[in-house]
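Right, one structure below, let's go through it.
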Amino acid sequence: MVAVGAFIVIPKLVAGSTHPLRVGVVGTLSPTARTEILALKAVIARNVELVDVADGAAAESELRSRRLAVAVEDSRQVVVRVTPSSSDASAGARLAAGLAAVVGRDNGLRAAGLGDAQIATVDRVPPLAVRGLEPNHSQRDRQKAATLIGVILILVYLQAYGTWVLNGVVEEKSTRVVEVLLAAIRPTALLAGKILGIGCMALLQAVALVAAAFIAAAAVGSHVLGGGVTATTVELVGWFVLGYAFYCSVYGAAGSLISRQEEAQNVAFPLQLPLLLAYFTSFSALTGDRASGLVRVLSFLPPTAPISMPVRLAVEAVPPWQVALSIGLLVAGTAVMLRTAAAVYVRAILHTGQRLTWRQALRIQAA
Amino acid sequence: MLELDRVTRRYGSVVALDALSLTVPTGTVVGFLGPNGAGKTTAMRTVFGISKPDAGEVRWKGAPVTADDRRRFGYLPEERGLYPGMRVVEHLVYLGELHGLSRGEATRSASQWLDRLGLSPGATDKVEALSLGNQQRVQLAAALVHGPELLVLDEPFSGLDPVGVESLSEVLAEQAAGGVTVLFSSHQLDLVEHCCQSVAIVDHGRLVASGPVEELTLADPPVLEIEIAGVADAGWMASIPDVTVAGVTRGRTRVLLQPGGDAQAVLHAAQTVGPVLHFSFERRRLSEVFLAAVGAR
């Protein structure tokens with residue numbers, strides 16, 4: 001969570017100085033012009049401060065000593081230290097240009113006979129909304145970056161929580177408390193309870209992580225999470241939840257095959273392979289900006305879909321029916337896995353000696 | 001009333017239960033006896049659905065056992081198991097809730113049982129910090145905490161010291177008096193004789209003898225106990241027909257009188273050997289009943 005916060009806050013911190021640009025005001029300046037000058041902050045990305053100055057001479061000396069960035073005299077003239085060139089894109093130059101335009105416009109509106117209230121109304125007219133047909137490059141890049149981070153977190157968390165479920169099952173088997181529990185409740189309830197309990201923790205952690213990212217972004221005014229990234233994040237959390245349900249059932253079944261903690265790593269390793277495959281293929285898809293045929297296939301298979309489908313969504317337009325199919329297969333796969341896990345669980349639990357193989361366990365289930 | 005009706009369970013080619021039928025009447029303590037591997041543990045597991053019978057059924061109050069019934073059963077499995085890292089009282093409360101008690105009820109009941117079993121001082125210790133004997137007591141409390149209607153205890157006395165044995169016997173008697181049906185297995189036959197109204201003896205997955213302890217121990221063949229001054233062995237009996245020497249302890253010889261055997265003839269023979277200090281008809285010990293029942297092995 002700290003890492004996510006830092007990821008958002010640090011770029012903002014190194015983005016340069018933030019002290020305000022000072023505008024010297026000599027003589028009169030209408031309140032509407034003052035409001036509009038302060039609003040230039042949004043254009044130049046720096047705070048603007050208005051300072052009243054006694055006369056033109058004082059303004060000039062303040063400009064030369066750089067205590068003022070720009071001055072406006074009697075709403076008639078804008079003064080800067082160095083004559084602006086057309087290529088100057090500094091905040092100071094943009095402020096001077098903006099100031100000249102704002103005050104000139106204000107004078108014009110007054111000459112046309114408008115009063116303060118009418119000018120304020122005109123000034124408050126918002127610009128029209130602009131609708132883009134395709135996301136621009138920086139949005140796409142941010143979505144891809146969010147997807148990459150999301151995919152890494154999905155990989156790490158699915159393994160972490162899966163292992164947690166696995167260890168819980170193995171602990172109950174190795175300490176034999178399972179027989180006491182199963183005398184009172186059904187094995188499906190025991191397994192589902194474990195998955196749900198740890199799942200709530202996992203979801204809470206995922207939501208906390210995402211919330212921390214958004215809060216940090218809002219606090220420092222970062223736009224890293226703006227635009228399509230919010231939607232991408234919600235989507236990733238959704239895939240995480242689906243993947244979690246699937247993998248925890250698998251890990252639960254794996255746990256019931258063994259009776260000692262030392263064997264946990266051996267039985268868990270093969271379960272990590274599909275995730276790793278999905279991860280490595282997604283990495284090249286995200287950097288190369290196109291989904292290979294392999295990624296497309298993986299995006300439909302329940303063990304890899306939680307990673308491969310969001311990756312496809314980030315790099316290409318996926319038809320909605322394909323997303324629906326992938327989710328459907330994942331949900332169905334989870335249901336099958338949960339039932340298998342429960343069956344393997346109850347049968348394997350009474351085998352305390354040697355480790356059962358998957359094949360034996362499934363044969364037991366079929367019998 | 002708990003009934004096992006022709007329950008059969010096979011593991012591969014091994015027949016663990018062979019059409020085993022068994023009845024435990026409500027409010028009685030029934031001892032479940034049998035040599036190792038006779039099927040006692042499997043039979044107990046079938047009551048809880050942990051082992052599914054291939055044939056036959058387990059009934060409670062006349063109807064097949066349901067998941068709801070099982071929540072009102074208490075089970076002490078042969079292989080003890082608790083979460084080692086959990087605190088004793090929390091563990092009991094958790095199991096109580098799992099069996100349908102509210103948190104408040106479970107807490108009250110847990111502390112009562114901890115008190116009763118002398119575990120109160122360690123109530124907030126982790127299970128793994130307790131001695132094995134005390135862990136065994138906690139396990140017992142775990143079977144009792146929800147006030148079950150049926151108690152199934154697999155070897156409840158193993159690992160207990162004499163004080164623990166005595167208090168468990170009392171608990172079982174109390175529970176039965178309160179209407180709880182109790183089935184427990186044990187190899188300590190003198191204990192079983194002391195605690196149970198009736199016993200069921202199984203061998204090779206089949207019921208080989210059952211009934212009230214009184215009836216089984218009074219049943220044929222009659223037993224004679226004889227003590228003769230100055231005679232420490234039973235060699236003098238070799239010539240008497242239709243008697244079997246069951247053993248000699250502290251100078252007293254126990255004799256099984258087979259059909260056709262004559263107690264008076266034995267007494268006469270004894271008097272010719274020396275002054276008879278003791279001559280009585282005794283009931284059979286449960287161990288003798290047991291060995292006779294599984295003796296064909």
Side-chain angles (χ1 to χ4, degrees), chain A residues 164-198 255-256 258-262 264 339-354 356-357 359-367, chain B residues 9-12 16 41-42 44-52 54 58 65-86 91-92 94-101 106 126-128 135 138-146 148 150-154:
Chain A
W164 199 350
V165 170
L166 176 91
N167 286 337
V169 171
V170 176
E171 190 202 3
E172 282 171 0
K173 277 195 76 182
S174 64
T175 60
R176 303 296 306 160
V177 73
V178 67
E179 200 167 342
V180 176
L181 301 176
L182 286 187
I185 54 173
R186 274 187 277 265
T188 14
L190 186 56
L191 189 61
K194 195 178 303 303
I195 292 173
L196 275 180
I198 295 174
S256 58
I258 57 176
S259 29
R260 286 180 302 125
Q261 209 79 46
E262 299 85 71
R339 281 190 43 195
T340 308
V344 172
Y345 196 50
V346 65
R347 307 296 173 100
I349 255 157
L350 298 175
H351 289 258
T352 46
Q354 253 187 332
L356 278 181
T357 64
R359 192 174 306 168
Q360 282 169 334
L362 291 172
R363 202 178 312 134
I364 287 173
Q365 192 219 349
Chain B
R9 180 73 171 99
R10 294 181 203 89
Y11 293 106
T41 295
T42 306
M44 290 178 155
R45 281 176 168 174
T46 29
V47 173
F48 291 92
I50 293 168
S51 171
K52 301 258 189 303
D54 295 315
V58 181
V65 175
T66 65
D68 276 344
D69 291 333
R70 290 192 183 112
R71 264 195 288 282
R72 295 191 299 274
F73 292 174
Y75 182 36
L76 181 79
E78 180 189 27
E79 294 188 70
R80 315 293 195 236
L82 296 166
Y83 290 107
M86 216 165 164
H91 206 313
L92 293 179
Y94 168 66
L95 290 173
E97 289 184 89
L98 217 53
H99 283 89
L101 296 191
K126 288 186 176 170
V127 171
E128 63 193 351
Q135 287 188 23
V138 176
Q139 191 91 48
L140 189 69
L144 289 159
V145 69
H146 52 289
L150 170 71
L151 270 175
V152 176
L153 313 173
D154 205 345

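All chains are named by letter (A, B, ...) in the order of the sequence lines, taking the proteins before the strands, and each is independently numbered beginning at 1.
The number of heavy-atom neighbours closer than 6.0 Å to NZ of K126(B), taken from other residues, nucleotides and ligands shown, is 12 or below.
No side-chain heavy atom of V177(A) sits less than 4.5 Å from a side-chain heavy atom of R80(B). Put simply, the side chain of E78(B) does not reach to within 4.5 Å of the side chain of E179(A), judged on heavy atoms.
With a threshold of 4.5 angstrom between heavy atoms, L76(B) does not approach chain A through any atom at all. For a residue to count as touching a neighbouring chain, one of its non-hydrogen atoms must lie under 4.5 Å from one of that chain's; by this rule Y83(B) touches chain A with backbone and side chain alike.
Contact record, Q139(B) with V180(A): NE2-CG2, 3.4 Å, taken as the closest heavy-atom pair. Closest approach of R70(B) to A183(A), counting heavy atoms only: CB-O, 3.6 Å. Residues A184(A) and R71(B) come closest through the heavy atom pair O-CG, 3.5 Å.
The distance from the CD1 atom of I185(A) to the CG atom of L98(B) is 4.5 Å, given to the nearest 0.5 Å.
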